[in-house]
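Since the structure comes first, as structure tokens, the remarks are kept for the end.
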Amino acid sequence: MSSKSFEFNASNLEAWQKAAIKSAPGGDVSALNWKTPDGIIVKPLYTAEDTANLPYANTLPGFEPFLRGPQATMYAVRPWTIRQYAGFSTAEESNAFYRKALAAGGQGVSVAFDLATHRGYDSDHPRVEGDVGKAGVAIDSVEDMKILFDQIPLDKVSVSMTMNGAVLPVLAGYVVAAEEQGVTQDKLSGTIQNDILKEFMVRNTYIYPPEPSMKIIGDIIEYTAKNMPKFNSISISGYHMQEAGANQALEMAFTLADGKEYVKTAIAKGMDVDEFAGRLSFFWAVGMNFYLEIAKMRAARLLWCRIMKGFDAKNPKSLMLRTHSQTSGWSLTEQDPYNNVVRTTIEAMAAVFGGTQSLHTNSLDEAIALPTEFSSRIARNTQLIIQEETHITSVIDPWAGSYMMESLTQEMADKAWAIIEEVEAMGGMTKAVDSGWAKLKIEAAAAEKQARIDSGKDVIVGVNKYKLAKEDAMDSLSIDNVKVRDGQIERLKHIRATRDSAKVQAALAALTASAESGQGNLLELTIQAMRLRATVGEVSDALESVYGRHRADTQKVTGVYAAAYDSAAGWEQLQKEIAEFADQNGRRPRVMIAKLGQDGHDRGAKVVATAYADLGFDVDMGPLFQTPEECARQAIENDVHAVGVSTLAAGHKTLVPAIIAELKKQGADDIIVFVGGVIPRQDYEMLYDAGVKGIYGPGTPIPASAKDVLEQIKKAVA
């Protein structure tokens with residue numbers, strides 16, 4: 001048969017359209033199009049016409065604009081680095097995990113810190129009673145850091161640290177621990193996240209306001225460029241944006257805009273762009289939107305090259321975007337959790353096809369609790385199997401030339417660039433963050449996504465379709481928070497009793513003076529203080545005395561959930577019941593959505609608040625980082641019927657009983673308490689015994705929780 005029989009032309013395309021019409025719903029071929037959450041139309045068929053005029057479809061990896069990868073040979077010579085992001089209660093336990101992971105094929109260490117450390121509090125601070133050792137490792141001083149990296153050669157093993165708020169004492173503690181291990185600063189390799197702008201948008205583990213936070217970032221970039229040439233001074237992170245609800249275009253645009261702002265900050269310190277830009281790195285979330293994730297990573301390299309050329313960067317290393325990636329935690333489900341192994345595998349392959357430089361794969365049980373050693377091994381082996389068994393690594397950018405992927409890459413780039421230009425028109429990312437605009441854009445995307453899941457428009461297998469009749473119990477890791485905190489407090493007492501207090505106070509005073517004057521490098525001064533055994537909390541306090549502690553507002557989006565939920569069954573009936581309650585009681589049911597302790601992950605809280613308000617509840621948002629006493633006081637002052645505690649960081653066993661006890665103590669035990677978020681099933685009975693009236697774990701449709709809360713309120717007021 002002649003090859004001409006298969007040549008693409010307009011006549012063939014017309015023939016395909018006629019054939020497609022016969023099977024398309026309603027005879028409409030456009031009904032086969034998929035509109036992504038980013039607003040991009042993905043067609044069911046792409047042809048050579050779609051790539052005919054694309055400017056970058058025939059570029060090469062390792063060369064501008066790096067769309068096909070930052071290195072010429074990519075995985076054909078060196079596969080991505082396998083990382084295992086983890087932190088378990090104490091430095092001792094975390095160290096044991098890291099050493100096992102390295103022995104089993106891990107190639108780098110990624111440290112998760114507890115929320116007390118993130119927020120710059122020592123473990124003995126009264127505000128962090130329920131947070132110490134939860135959701136990460138507790139680090140108070142160099143002594144903890146030395147234990148954390150014991151028998152891990154820091155001149156050979158790269159270390160990634162997810163730290164932003166308390167970035168100065170944590171990075172300084174790592175540097176000093178390495179020195180005392182015999183490793184000089186120029187030998188250290190790895191990454192510190194140090195990306196504070198995204199914290200003000202989504203994750204909220206900030207300490208100081210935006211302006212002094214940017215000063216800290218500039219000092220770290222300056223110090224590491226001079227003294228730590230192998231170390232990445234910042235990991236510009238989109239991961240937490242997507243986990244908080246951003247679609248891929250928003251994640252990419254806001255992350256690149258953040259990066260642009262950090263480059264401006266370093267240049268403003270008098271640095272040449274090529275002096276530091278080669279050590280900037282990025283961090284992407286990789287979710288279940290397979291094609292878009294690959295296109296996002298290719299498009300991001302294209303746009304970063306464009307951005308850096310705008311700064312007149314000359315060195316090719318300054319132009320190339322290098323990235324770590326992590327599979328999604330949000331996409332994991334509590335229901336039928338072994339499905340999560342499949343989800344993580346698909347996401348890992350998207351990261352690899354997109355050209356990541358390192359990768360962490362989440363574990364199957366992370367929708368429930370911190371991963372067990374068993375689940376971590378499966379997650380790590382997922383990467384090893386892709387590297388060792390599939391031969392995927394043998395081909396550089398295997399999606400290159402795909403009509404669909406090249407078109408989608410360009411569309412993603414265009415979509416993100418339009419958002420970046422919108423940010424620039426506002427005066428840059430710091431102003432976009434300060435105004436609250438960027439945060440609200442992400443929250444609107446999150447509310448819309450949740451409504452699509454709750455209404456069944458977006459399928460989650462095992463959650464809203466193909467559900468198990470009975471869920472089997474799963475073992476999960478439990479941290480004894482009280483035991484961890486007691487141990488940390490004892491170590492803090494010993495450090496304070498054995499150090500030279502006068503020298504420590506002088507070093508802390510030098511930090512405060514630098515913050516006041518704007519002179520000197522804050523990282524250099526912090527390293528000096530940490531050598532003398534200043535603590536994380538003391539360094540943070542020394543700066544807070546000048547900078548203050550940032551307080552976020554509690555504004556929320558409205559109408560987005562209702563618009564996306566549309567006319568799904570039961571919505572209008574529930575609205576009617578809420579209106580009837582208001583008629584009978586003279587006011588609408590009033591709930592307060594609260595975040596207790598240092599858990600700043602507020603996606604769930606904001607989405608629930610939005611949906612409840614759209615249904616007709618009066619909704620108050622408590623400020624982040626409340627103590628149980630503060631929460632109870634606000635609930636009473638606002639005369640609410642119910643308090644809903646949103647929890648993601650495992651503090652529920654301490655903090656939820658505390659809020660119930662505090663309401664009773666203040667004479668308001670008629671206010672009901674319900675809980676939503678990541679709560680292991682084995683903890684349900686304890687919470688119910690403590691007085692909780694409703695528990696709504698991952699996958700609970702918001703209207704179902706709202707119906708139950710309304711019924712509980714009716715009982716309470718009857």
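Starting from 1, each residue takes its place in the sequence as its number.
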Practice item. Indicate, with yes or no, if the rings of His550 and Tyr208 have centres closer together than 6.0 Å. Key: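 Not under 6.0 Å, so no.
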Check your understanding: Quick one: does Ile196's side chain get under 4.5 Å of Glu199's, heavy atoms only?
Key ->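 Yes, side chains in contact.
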Distance alone, cut at 3.5 Å: any donor-acceptor contact between the side chains of [X] and [Y]?
X	Y	answer
Gln326	Trp284	no
His324	Ser358	yes
Ser235	Gln193	no
Ser325	Thr356	yes

Check your understanding: Under the criterion salt bridge (Lys or Arg N to Asp or Glu O under 4.0 Å), which of Glu293, Glu411, Glu406 is the partner of Arg298?
Key ->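 Looking at Glu293, Glu411, Glu406, the match for Arg298 under the salt bridge (Lys or Arg N to Asp or Glu O under 4.0 Å) is Glu406.
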Over 12 non-hydrogen atoms of neighbours within 6.0 angstrom of [atom1] in [X]:
X	atom1	value
Lys431	NZ	no
Lys441	NZ	no
Asp414	CG	yes
Tyr291	OH	no
Lys317	NZ	no
Phe63	CZ	no

Point to revise | Identified side-chain contact (heavy atoms from CB on, under 4.5 Å) counterpart of Ile442 within the set His240, Met241, Gln242 | key: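 Of the listed residues His240, Met241, Gln242, the side-chain contact (heavy atoms from CB on, under 4.5 Å) partner of Ile442 is Met241.
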When rounded to the nearest 0.5 angstrom, what is the spacing between [atom1] in [X] and [atom2] in [Y]?
X	Y	atom1	atom2	value
Met297	Phe353	CE	CZ	12.0 Å
Leu321	Leu256	CG	CG	6.5 Å
Tyr75	Ile396	OH	CD1	11.0 Å

Point to revise | Geometric cation-pi criterion Lys198 and Phe200, 6.0 Å radius, 45° cone | key: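 No cation-pi geometry.
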Check your understanding: When you measure from the centre of the six-membered ring of Phe282, is the NZ or CZ of Arg322 under 6.0 Å away and within 45° of the axis?
Key ->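 No, cation not above the ring by the 6.0 Å, 45° rule.
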Practice item. Could you please spell out the steps behind the side chain to side chain donor-acceptor pair (under 3.5 Å) verdict for Thr191 and Asn232? Key: CA-CA 5 Å; Thr191 304; Asn232 298 325; 3.0 Å; yes
Review point. Which heavy-atom pair separates Ala438 from Phe254 by the least distance, and what is that distance?
Key: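 So the minimum-distance heavy-atom pair works out to O-CE1, 3.6 Å.
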Practice item. Give the minimum heavy-atom separation between Phe311 and Val273, together with the two atoms involved. Key: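 So the two residues come closest at O-CG1, 3.8 Å.
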Check your understanding: Can you name the residues that form a side-chain hydrogen bond (donor to acceptor under 3.5 Å, both in side chains) with Ser363, not counting sequence neighbours?
Key ->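 Applying side-chain hydrogen bond (donor to acceptor under 3.5 Å, both in side chains) to Ser363 gives none.
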Exercise for review: Could you go through the side chain to side chain donor-acceptor pair (under 3.5 Å) check for Ser328 and Glu243 one step at a time?
Suggested key: CA-CA 7 Å; Ser328 175; Glu243 290 289 281; 2.8 Å; yes
